[in-house]
Amino acid sequence: LSPDEVDEIYAMRGALETLALRRAVPHMTKSDFVRAAGLIEIMDDERAPLAWSDLNWEFHAVLYEPCRMPRLLDHVRVLHTNVQRYLVNYLTNVDYHSEAQRQHRLILGLCKSGEAEEAAATLARHLDQAAVCAGAPGGPDQGPRPLHHHRSRPAPDVGGAVPAFR
């Protein structure tokens, strides 16, 4: 994938995954929190990049599943798979691993507190960092990322304000 293609995929992931998370938080259960926390603990000790990447997806999927939007989750999974092989190279970097885990804990804590908007904003920043690692424009020598911009808080979910396509 070209840097612009990676950026496009992460822009799509950011939009879809933050929507899924905002919709999921009100429906999350103690079981979801226990599963997500357990995955974080397992990832702390995992050093095989591909295994860590699979666990990372499982963690994110646990957070998104309560959104009750299976088609959305299917698209998110495809987008994740499209960039996974580009990100795996960075998973051996201890600094990246530590920062990703810190962000996972923060996102999970915000979900537990019911802070869906702040969790989504934190997830957006998490995905932006992963995008740069996977090769999207915006690294230290590449300037700002042109496609994927985030405010400090994501735009409010407008629910039914957008007409459904049939």
**Asked** When you look at D54 and Q84, which way does the side-chain hydrogen bond (donor to acceptor under 3.5 Å, both in side chains) test go after all the steps?
**Response** CA-CA 9 Å; D54 289 342; Q84 178 181 20; 3.1 Å; yes
**Asked** Nearest heavy-atom pair of V6 and A131: which atoms, and what distance?
**Response** CG1-O, 3.9 Å
**Prompt:** For the residue pair F59 and A36, what are the closest heavy atoms and their distance?
**Reply:** CD1-O, 3.6 Å
**Asked** Hey, is the main chain of M43 close enough, under 3.5 Å, to the side chain of W52 for a donor-acceptor pair?
**Response** yes
**Request:** Enter the distance from L110:CG to T122:OG1 here, rounded to the nearest 0.5 Å.
**Result:** 5.0 Å
**Asked** Are the side chains of M12 and H75 in touch, meaning some heavy atoms are under 4.5 Å apart?
**Response** no
**Asked** Can you tell me how far CD1 of I9 sits from CG of N82, rounded to the nearest 0.5 angstrom?
**Response** 4.5 Å
**Request:** State whether the side chain of D45 and the backbone N or O of I42 hold a donor-acceptor pair below 3.5 Å, judged by distance alone.
**Result:** no
**Asked** Atom CG in L108, atom CE in M28: separation rounded to 0.5 Å?
**Response** 8.0 Å
**Worked verdict on K30 versus V34 for side-chain contact (heavy atoms from CB on, under 4.5 Å)** = CA-CA 6 Å; K30 184 174 182 173; V34 169; 4.3 Å; yes
**Item:** Distance in Å, R22 CZ paired with L123 CG, rounded so as to fall on 0.5 Å steps
**Value:** 9.5 Å
**Asked** Quick one: does S53's side chain have a donor or acceptor within less than 3.5 Å of a partner on P49's backbone?
**Response** no
**Request:** Please list, chain by chain and in numerical order, all residues satisfying side chain to side chain donor-acceptor pair (under 3.5 Å) with T81, sequence neighbours excluded.
**Result:** none
**Prompt:** Could you give the distance from CG (L16) to CG (D74), rounded to the nearest 0.5 Å?
**Reply:** 11.5 Å
**Request:** Search all heavy atoms of L21 against all heavy atoms of C111 and return the closest pair with its distance.
**Result:** CD1-SG, 3.6 Å
**Asked** Could you walk me through whether E46 and H97 pass the side-chain contact (heavy atoms from CB on, under 4.5 Å) check?
**Response** CA-CA 10 Å; E46 183 58 63; H97 186 271; 5.6 Å; no
**Asked** After noting the C-alpha distance and the side-chain angles of R13 and D128, does the key distance pass the salt bridge (charged side-chain N to carboxylate O under 4.0 Å, His left out) rule?
**Response** CA-CA 10 Å; R13 282 188 65 188; D128 275 348; over 6 Å; no
**Message:** If I compare all heavy atoms of D4 with all of P137, which pair ends up nearest, and what's the gap?
**Reply:** OD1-CG, 3.7 Å
Taking only distance into account, with no hydrogens and no angle test, what donor-acceptor pairs under 3.5 Å do side-chain atoms of residues 61-69 form with protein atoms, sequence neighbours excluded?
| from | atom 1 | to | atom 2 | distance (Å) |
| --- | --- | --- | --- | --- |
| Y64 | OH | E17 | OE1 | 2.5 |
| Y64 | OH | H60 | ND1 | 2.9 |
| R68 | NH1 | H27 | ND1 | 3.3 |
| R68 | NH2 | H27 | ND1 | 3.3 |

**Request:** Might you work through the side-chain contact (heavy atoms from CB on, under 4.5 Å) test for V76 and W57, ending with a clear yes or no?
**Result:** CA-CA 10 Å; V76 169; W57 166 250; 3.7 Å; yes
**Request:** Measure the spacing between CZ of R102 and CD1 of I107 and express it to the nearest 0.5 Å.
**Result:** 9.5 Å
**Prompt:** Would a hydrophobic clustering, with Ile, Leu, Val, Met, Phe, Trp and Tyr connected at side-chain separations under 4.5 Å, put L55 with L106?
**Reply:** no
**Asked** Are the side chain of H104 and the backbone of N56 linked by a donor-acceptor contact shorter than 3.5 Å?
**Response** no
**Asked** Stepwise, does the salt bridge (charged side-chain N to carboxylate O under 4.0 Å, His left out) test hold for R125 with E118?
**Response** CA-CA 11 Å; R125 290 187 296 273; E118 194 58 36; 3.7 Å; yes
